[in-house]
Structures are given as C-alpha cells and as structure tokens.
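Read through the structure below, which is laid out as structure tokens, and then see the notes.
Values below: every heavy atom of this structure, side chains too, minus hydrogens, waters and symmetry copies.
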Amino acid sequence: MTDTASQPTTDLPPAWEPATVEAELYERWVAAGYFTSDAGGDRPPFCIVLPPPNVTGSLHMGHALDHTLMDALTRRRRMQGYEALWQPGMDHAGIATQNVVEREIAREGLTRHDLGREAFVERVWAWKGEYGGQIQGQMRRFGDSVDWSRDRFTMDEGLSKAVQTIFKRLFDEGLIYRAERIINWCPRCLTALSDIEVEHSEDEGELVSIRYGDGDRSIVVATTRAETMLGDTAVAVHPDDQRYAHLVGTEVELPLTGRMIPIVADEHVDPEFGTGAVKVTPAHDPNDFEIGQRAELPAITIMDERGVITAHGPFEGLDRFEARPAVVAALREQGRIVAEKRPYVHSVGHCSRCDTVVEPRLSLQWFVRVAPLAKAAGDAVRDGRTRIHPPELAKRYFDWVDNMHDWCISRQLWWGHRIPVWYGPNGKVMCVGPDEQPPPADEGWTQDPDVLDTWFSSALWPFSTLGWPERTPHLEKFYPNSVLVTGYDILFFWVVRMMMFGLYAMDGVQPFHEVYLHGLIRDETGKKMSKARGNVINPLDWMDRYGADATRFTLARGANPGSDMALAEDWAAGSRNFGNKLWNATRFALMNGASTARAVPARETLTEADRWILGLTDALVSEVDRLYEEYQFAKLSDALYHYTWDELCDWYLELAKVQLAEGGDRAEATRAVLGHVFDVVLRLLHPLIPFVTERLWTTLTGGESVVVAPWPAASGQPRDPEAERHVVAVQKLVTEIRRFRSDQGVKPGQRVSARLSGVDDAGLSALRPAVASLARLNDPGDDFAASASIEVAVAGGTVTVELDLSGTVDLDAERKRLAKDLAAAEKELAGCDAKLGNPNFTDKAPAPVVAKITARREIAVADIERISARLSAMSNG
RNA sequence: GGGCACAUAGCUCAGCGGAAGAGCACUCGGCUUACACCCGAGCGGUCGCAGGUUCGAUCCCUGCUGUGCCCA
C-alpha cells in the first residue's frame, strides 16, 4: 500500500477562492450544453419558467432568493435524469421602461410627442439593446442553469403573436370589452392602472364637513377631497335614515356652482359615518360612480389628465392639491364649513410605479371580463390540479379569484403591445388576429392608440415562451410547467393571471402542477429593504466578497416556506465559512488518497466508524430527498450543513485519521469510504452551491461534471444500530474527557496519560484508539499516577477514566462541575418522581411513555449515586 | 373597517402534546501539520400575558396585549 506521505498532493489551494473560478466554470457548463433542453427523447420533463425580470431593472436580493431556489430544483431534477428546462427571459415593463426612456430624451429637451410614436418606440428598442442585457450577466454570476438558447422577451415577435392571438380569441368570445368606467389613473404616468397597481397607505389628510343648501333645506356632508365638490351631482343618504327621509327627492343648491343637485337614497351609504350624508361625485370616485349608475345621475369630470381643475370658475387651472384649500377657503367665506378635522388619517391610493396619488377617473378603457376565467383558475386549485405550497396561501388565492373585479388592460402608453383593434367609418370596430391584414387606413380605419398592460403578456409566459400558439415540441413536452417559484407578494399580480390565461389558452389544462411561494427578503431587523431606508443589500456585493455559492447558501438556509427572511452580512460570512470547511475537508480526504475508483468494501470488513458514517450518509440522502419534495429549503440546507460539519468533519475525519494511520487494508478501505461519502455529499450539495462542489467533485472523482452526475441514492445497505450506538458512546466519552480537561485548564494540545476501564464491557474495545486520539490521551507509562478520575455513563455501561495530570488538580473546579451535574440529575429525578407518583399518569399515559420516564428515573438515580460518591470522596480525600 | 399570520436564548429563526434546539453573537482555552473563513469547552430561555382542556401544554382552545402583512 502506498504511504500517505508519498501520495501525490492535490492541486487544490488551501482555500476556496470563488471570484477567480466561478465565471470560468459557468461558461464551461454553458459551452458543454448542460442547460440546453431537448424536446425529444424519453427523459421525463421538468420545467420552470423564470418570472421575467423587468428589462429596466437589475437583480436584487429577492431575485437572488428566487433564482437560488429555482436553480436548486432544476439542478436536482437534471441530476435525477429529467429533461430539465429552466426558461429565462425578461418582460418589457411598459410604464417603467417608457419612464426611463422619457427621462433620457428629456435630457435632450425632448418629449415623446416631439419624436412621435414610431421614433419613440424605436428609441426604446435601442435603449433595450444597449442596457437591457445586464440581467443576463447577473444571472450568469448567480450560476443560474437556464437554457440560454431559449431566452425570450415579451415584446419578441413570437410572444407578440401570442398576445394578439389570445386577445382576438377573448374579444371574439366577448371576454374583452371596452367601456367607460372609473379607473385608477396616474396623473404623472398619464395612464390607467389596474387595481393591483395601486398601493394603499394610511396618509394624513383632512376631513371637512360642508353644508349644502340653506335653512331647513340644507344638509351637511363630510369629505377628504373638498375640491371634488365641483363635480358633485347629488347627495346620498341611507334609505332608512329617518333624519333625512323628508329631504330625499328634493334638491339643494351646490355651493360655489349654483347648480341644483338632488338628494337620493342609496343602500350603500353608511349612516354611521359622519353625518350619514355623502356627496356624490360620479366622475371622481368609484363608489360614487356606482351610486350614480343606480340613481341615473350625470357624471361631471372636473379635472384633466394631469389632475388640473377644468371646471369653469376661479379654480380652473389649479392642480387638485392646490384646488383643495382654495375650495375650502371659498366655502369658509360663505360660512359653509361646519367642521374641520386635521390631520385626518385615511387610506390613500398611490401609483405603484411612481407613488403619485392615484386619481379615480372616468374614462373609456378595455377590460377583461374575468368571471369565467377566475372561476376556472379557482377550480384548478380546488381540484388539486395545481397545488400551492405552502397550503396556507391557497386561502388567499381563493379570496382573490373568487372576488375579482374586471381587469383594466389598456394603458395610455406607447411602449407595449398595441391593442389590435381598429376603428372604421360609421363606428365600425374590428379586432385583427395575428395572421390577418389590418383594414386599410385610406378608408378611414385607425388603430386603437393604447397598449396592453404588461401583465397581459406576462400572463402568457408559461406557454408563449414554449412557442404557443404553435403546437411546438417544447410546448408539448413542457406544458404544464412542473412548478412555479415566486414570492407570495405577486400571487395576485401574476400567478392568478397565468392561471386564468393558461387554462383558457390551453383548453383547460393548468399551467403548473405546483406553485411554490417563498417569503420576502428583509434586513437583519426584519424591515423591508428599500432604497429610502438605505438598508438594501446588493447580491452582487455579496458575491464579490463571499462568492455566489455563499450567497446562494445563505438564501437557501433562510427559506422557510411562506415566511420572510431576515438577512445580515454575518449570515453570508457563515456560508462562506461553510464552503471553506467543505473545501478543506475534501482537500484533506484527497491528500490522504480518498478515491471513488474502488467500491466501498463489504460492510462487515469495515470499522464501526465506517458503518456509522455510511449509515448517516444514507439517512441524509433520504432526508434531503424528502425535504426537497416539500420545498423545505431551510431544513434541507441545515441537514446538509449539520451532517457535513458536525458529523463528517468533527467526528468521522478525526476517526479516519486513526484508521489511515493504521495503514494497509484498513487505510485503503478508509480511502474508499472517504471517497464515497464525499462523492455523495458533494452531489447532494451541488444544487445549492454549484461552483465549489463542481471543483471538488471533478477533482475527487475525475468525472466530467457534477452538473450531469447522477443524483445520489441511498446504498440500500441496512444501517448498523450497534455501530451507531458505539460511536455515539465514544462521542459522549470523548466530550466528557474534553470537558474535564477544559475545567482543569489542560491545554487542548497537551497529551495526558490516562487509564481507561470499563471500555470493553461497554463494547467500545475497537474504538479505544479513537478515544485516545480524540481526547489526546497517552497510554499509562510505568510512572503513571492517577491524580483525577471521571466516570462516564454511556449506553453500554460506565467507563472510568483515570488521568495523570502530573500536578495539582483544581478540586474546586471539579467540585463545581460535579455540583452542577448533581443538581441537574436531582432535578431530573424530581421530575420523574412527580410523574410516576401520579396514578393518573401511570394509568392514562401510554405504556411507552411510562417506560421511558421509568428508565430516565433509573439513570438519574445512578447519576446521583455516582456523583455524590465522587463528591464525598473528594471532601474526605 | 374586513381577513390572515406571528410573538421561543442578545439577534435571526426551527420545534408545535410526553427530557427546550440551531446559526450568529458572547466568555474561556488553543496555530492539536484539512481548515484561525479554524479547533476544544462554556454562558445564555418561568417558550408575550391571563384563563381553559389534558395524567401532562412552548405545542390544543378562549380572551388580552404587541408586531407584521393582505384586502377595502
């Protein structure tokens, strides 16, 4: 057998240096085609579509989490022999991108109107060409195993065709319609927004009570938006409200305008709020619009698209926020302000893109009639065709789909998919399908100027990226997608819409088998990361300093289903340390000739230590598999961390040192076991930390790449409970000896002569050299003089360790330790006695529980006896 | 206003009916030839408060307090 010292040393440097190696490894994987999907062949499909990041953006920590989890799932399935497709791409982000380019041309003193629509859109494409690529670069640094050959963009020709196809189908079936409605309008972005693009916050405002009419023909209304009174067309009260019953059907004069407006009754007025009478402004409030519809009231728009008052009179030309105090002042002058409350905190909607206060606005827009689509989306989850993880979030999904409002899909933008509807002479309307010719412009036909909500095209993502509306081989193979991974915060934005459109476009087949919703990233104190707070961590910074693997492992370790995760730099450092630990442990194994070239010898020829670690390794494989099926990333990461560090490194490698020192067949067998366990753990870790495992695994095995290595399976060999008991006993014995040494102030490296008895009776004979090595003990020499002794109760018996500390023993320290142990044992005994002395317990508790407590009691009694004897011996001695 | 979570060691979180756990932080001792991004040992919790169910409750139920989120 080759001597360890003459083994060829590995070429691995003493520490893992991610920065220099990761990029090269990644490009090698791409070049090898590992990530490219093949729609042919017999492998079962596995498909994840990447939630398309915004083309204007860069990847933040939330993306890093999302990508880590998707990559882990994809890499594992690939190793398991699935045909894996992780579909990348970006969306065109209508409002955001248009804003960016408008800002850019504003620096040249231009507006989009100066350029004209066509030139502006060209300008956006040019911008996309120049800056839109940074996300791909970031994904390469993360190590994302996406199929770059299928990279897609929502504005691509094929995806645009998908948009036009589904629009036409929905239009023809009456599921898309155009109507004048109150919509959410952003006076800064100058476009309609859907309900979910509005964020509500509790803001300080004012509540002003205004008297309309005079004398006994007057009524007081309260409002937070005094300026809208210029557009009031009624006052509404509850039909059962006796206070106002006599006024219903009469009219009052609307101050400042001289208009007479009716007092109407409406069920939806809350008599408890304010005076119980509300002003009704159908053109500027969604609830008032509803009241207006029921009472057939006119709607008077008093603002332009920028929120500037257009009503004639002294307020014309004022911004809505300037008009508010001006209107109040004018009313006060007339003595019509009955009460004012400032600040008055109430909920105010803001544009999710630019934070401008949203103005409800009456306008002509396109809508999707969602009722039948939402019903199907709900049913797919109710039927279990799509499973939501964690299941608690399914309720939130149902609450949404079962109470969904029609979806406003038109946007007054230029960047996006233009609505494929043409308006002709005599009010004719024509929706044009993807393969149809638009009607001739010279006959007076013009296309609708608006574009579609970005989410409209994103909703097609799970199948438009696969080639739909063509029935491509990829669509056939990879639809439905296996799992969708995203944050719970975009359940409504995106997941619901993909469900609706997927079921509709694909003849009732749901887009996903499973949906996994992860939590949000927060800072170390649990606050949301935001630029305003200045607590944003850029994942690229972490990757620069700690490597992509460490960044990924940190995120995976924090990913408990459905709950948010707090991140701090310390976590990343810890993950970096773990990678380094793995690196050095593997290096150590390699330096000692660990190899996968030879199979692990038959179990009966191995040591108990070998059988113990092999058993733990099998258990680890099963546990990791089970946890992956449940999307328990935090737990599976922790299981891998614990196995690697606390069992493999802290114990098995130390035990292996003893076996390697023996030389001969024992050393050779140990090399095979080392090779096996590192092979397995590296493969298990690869989906989480792909780079370091690739470097180590290829060195260890000589294999081509761990990316395409088979996923580990348990050995099928039975575990050896006796060997495991014995190793656990050795762990306890060694720990107790170390504890004693530490109490006595013996330096960790100093060897101490010791005489052990009871080892054989405890069944630990074979592990005796291991104990000596791990506890730094020397065999007793001729001059051995025990100056201290400890007794350690282990599973098979009690081991007595006599130590020659060749000097004074710190009796005080020992007494303290014994007293502490005694107190613990006495507490334990008292607890057991209390239970066993209670007939209700012994009668009603299950027998195994009673037996367990009885056994614990016996151990406590023995401990007390032993420790007391030791203590009294000390005071007598 | 409606709904849903969560309150466990200094921090971030597991555990969710039968002996309180992890990582980080902290204390002490160590360069024990894989690793100081390390090794060894240790300190630290009436599991938010008050009731209830149970032989037994951090775990189940009720109420309260606090925090967060979603929806109006």
Side-chain angles (χ1 to χ4, degrees), chain A residues 10 12 14-16 195-196 199-200 270 272-273 286-287 346-347 349 392-393 395-396 399-400 403 488-489 491-492 519-520 522-528 546-547 550 554 557-558 560 562-592 632 634-635 637-638 641-642 645-646 649-650 653-654 656-657 734-751 773-776 817 820 824 827-828 831-832 834-836 838-846 848-850 852-853 855-856 859-860:
Chain A
T10 70
L12 298 178
W16 165 242
D195 291 347
I196 53 177
E199 286 176 4
H200 294 268
D270 177 7
E272 303 293 318
F273 179 79
N287 294 321
H346 63 129
S347 180
E392 303 92 84
L393 286 169
K395 188 180 162 358
R396 213 185 258 198
D399 286 348
W400 180 259
N403 301 292
Y488 63 73
D489 55 327
L491 182 63
F492 308 139
L520 274 30
R522 298 179 176 280
D523 73 5
E524 59 200 295
T525 59
K527 293 203 177 62
K528 247 183 187 166
Y546 304 107
T554 302
R557 274 190 100 187
N560 282 118
S563 53
D564 294 348
M565 104 176 54
L567 283 184
E569 185 139 349
D570 285 349
W571 305 178
S575 298
R576 185 265 324 263
N577 296 352
F578 175 68
N580 191 244
K581 186 73 179 176
L582 181 69
W583 178 264
N584 277 292
T586 312
R587 221 175 112 240
F588 167 80
L590 286 165
M591 290 187 323
N592 286 284
Q632 295 277 9
K635 289 191 177 67
S637 302
D638 213 55
Y641 183 101
H642 175 256
W645 204 312
D646 302 336
C649 292
D650 284 354
L653 290 189
E654 297 305 322
K657 284 175 184 173
V734 168
T735 300
E736 287 297 324
I737 297 169
R738 285 171 176 170
R739 202 154 81 119
F740 185 80
R741 289 173 53 120
S742 183
D743 281 350
Q744 292 296 322
V746 178
K747 304 289 181 214
Q750 188 188 329
R751 290 199 164 266
S773 170
L774 289 165
R776 307 257 151 214
R817 161 55 40 81
K820 190 184 165 183
K827 189 179 167 197
E828 171 76 357
C832 293
K835 286 190 176 181
L836 294 168
N838 181 349
N840 281 327
F841 174 75
T842 46
D843 291 351
K844 294 187 180 176
V849 174
V850 177
K852 205 167 161 186
I853 299 294
R856 274 171 54 192
I859 291 169

Touch class at under 4.0 angstrom, heavy-atom based, for L520(A) against every strand present: nothing
Of the listed nucleotides C37(B), C4(B), A34(B), the one nearest the side chain of R587(A): A34(B)
Contacts of E392(A) that satisfy side chain to side chain donor-acceptor pair (under 3.5 Å) - sequence neighbours left out: none
Sugar-phosphate, base or nothing in reach of C832(A), heavy atoms under 4.0 Å: nothing
R396(A): partners by salt bridge (charged side-chain N to carboxylate O under 4.0 Å, His left out), with sequence neighbours left out: none
Same-atom distance (C1') from G30(B) to C69(B), integer angstrom: 48 Å
Separation of the C1' atoms in C16(B) and C31(B), to the nearest angstrom: 45 Å
Non-hydrogen atoms of A775(A) and I737(A) that approach each other most closely: CB-CG2, 3.8 Å
Distance in angstrom units between L774(A) CG and C39(B) P, rounded: 14 Å
Between A50(B) and C55(B) - P atom distance, rounded Å: 23 Å
Whole-Å P distance, G23(B) and A41(B): 12 Å
Touch class at under 4.0 angstrom, heavy-atom based, for N560(A) against every strand present: sugar-phosphate
Length of the line joining Q750(A):CD and G30(B):C1', which is rounded to integer Å: 12 Å
Shortest non-hydrogen separation from D743(A) to R817(A) and the atoms involved: OD2-NH1, 2.7 Å
Least distance between heavy atoms, K581(A) atom then C649(A) atom: CE-CB, 3.7 Å
Y641(A) six-ring face occupied by R557(A) cation (under 6.0 Å, within 45°): yes
Distance below 4.0 Å between K747(A) side-chain N/O and G29(B) OP1 or OP2: no
A36(B) to G29(B) separation - C1' atoms, rounded to the nearest Å: 14 Å
Distance, P atom - from U46(B) to A9(B), rounded to whole angstrom: 9 Å
Sequence-distant partners of D489(A), salt bridge (charged side-chain N to carboxylate O under 4.0 Å, His left out), two or more places apart: none
Base-contact (B) and sugar-phosphate-only (S) positions in nucleotides 17-22 of chain B, heavy-atom cut-off under 4.0 Å, - elsewhere: -BB---
Nearest-nucleotide 5' precedence on RNA chain B, W645(A) against A585(A): A585(A)
Pairwise 5' ranking along RNA chain B for L567(A) and G749(A), keeping only the more 5' one: L567(A)
Partners meeting side chain to side chain donor-acceptor pair (under 3.5 Å) with N560(A) (sequence neighbours left out): none
Donor-acceptor contact present, side-chain W571(A) to main-chain A566(A), <3.5 Å: yes
Secondary-structure stems, RNA chain B, at least 3 Watson-Crick or G-U base pairs under 3.5 Å: B:1-7 with B:65-71, B:10-13 with B:21-24, B:26-30 with B:38-42, B:48-52 with B:60-64
Residues that R741(A) engages under salt bridge (charged side-chain N to carboxylate O under 4.0 Å, His left out), provided they are two or more places apart: none
Atom pair distance, as rounded to whole Å: NZ in K635(A) and P in G23(B): 16 Å
Interatomic distance where CG belongs to N838(A) and P belongs to U54(B) [whole Å]: 14 Å
Set of residues satisfying side-chain contact (heavy atoms from CB on, under 4.5 Å) with respect to A824(A), sequence neighbours excluded: none
Carboxylate-amine/guanidinium proximity below 4.0 Å for D399(A) and K395(A): yes
Distance, C1' atom - from U58(B) to A7(B), rounded to whole angstrom: 12 Å
Sugar-phosphate only, base, or nothing, as touched by D650(A) at under 4.0 Å among non-hydrogen atoms: sugar-phosphate
Sugar-phosphate, base or nothing in reach of A566(A), heavy atoms under 4.0 Å: sugar-phosphate
Polar side chain donor-acceptor pair, Y488(A) to D564(A), under 3.5 angstrom: yes
Heavy-atom donor-acceptor pair, T586(A) side chain to L582(A) backbone, under 3.5 Å: yes
Heavy-atom pair with the smallest gap, counting every atom of I853(A) and K835(A): CD1-CD, 4.1 Å
Close approaches to RNA chain B from residues 569-577 of chain A, in residue order (heavy atom, under 4.0 Å): D570(A), W571(A), R576(A), N577(A)
Whole-Å C1' distance, G45(B) and C64(B): 23 Å
Under 4.0 Å protein heavy-atom contacts per nucleotide of nucleotides 5-10 of chain B, with B for base, S for backbone only and - for none: ------
Closest contact, heavy atoms only, V850(A) versus F841(A): CG2-CE2, 4.0 Å
Protein proximity profile, nucleotides 66-72 of chain B - base contact B, sugar-phosphate-only contact S, no contact -, cut-off 4.0 Å on heavy atoms: ---SS-B
Whole-Å gap separating P (C31(B)) and CZ (R776(A)): 12 Å
Spacing between N840(A) atom CG and U54(B) atom P, to the nearest angstrom: 11 Å
K581(A) NZ to A34(B) P, straight-line distance once rounded to whole Å: 11 Å
Given G40(B), C4(B), A34(B), the nucleotide with the shortest approach to the side chain of C649(A): A34(B)
Distance, rounded to the nearest Å, where E654(A) contributes CD and G40(B) contributes C1': 11 Å
Sugar-phosphate only, base, or nothing, as touched by K827(A) at under 4.0 Å among non-hydrogen atoms: nothing
Donor/acceptor link under 3.5 angstrom from Q744(A) side chain onto base of A41(B): no
Contacts of type salt bridge (charged side-chain N to carboxylate O under 4.0 Å, His left out), residue K657(A), not counting sequence neighbours: E654(A)
Side-chain donor or acceptor of D638(A) paired with backbone N/O of A634(A) under 3.5 Å: no
Over all atoms of both residues, closest heavy-atom pair of A550(A) and S575(A): O-CB, 3.3 Å
Presence of S563(A) side-chain N/O under 4.0 Å of A14(B) phosphate oxygens OP1/OP2: yes
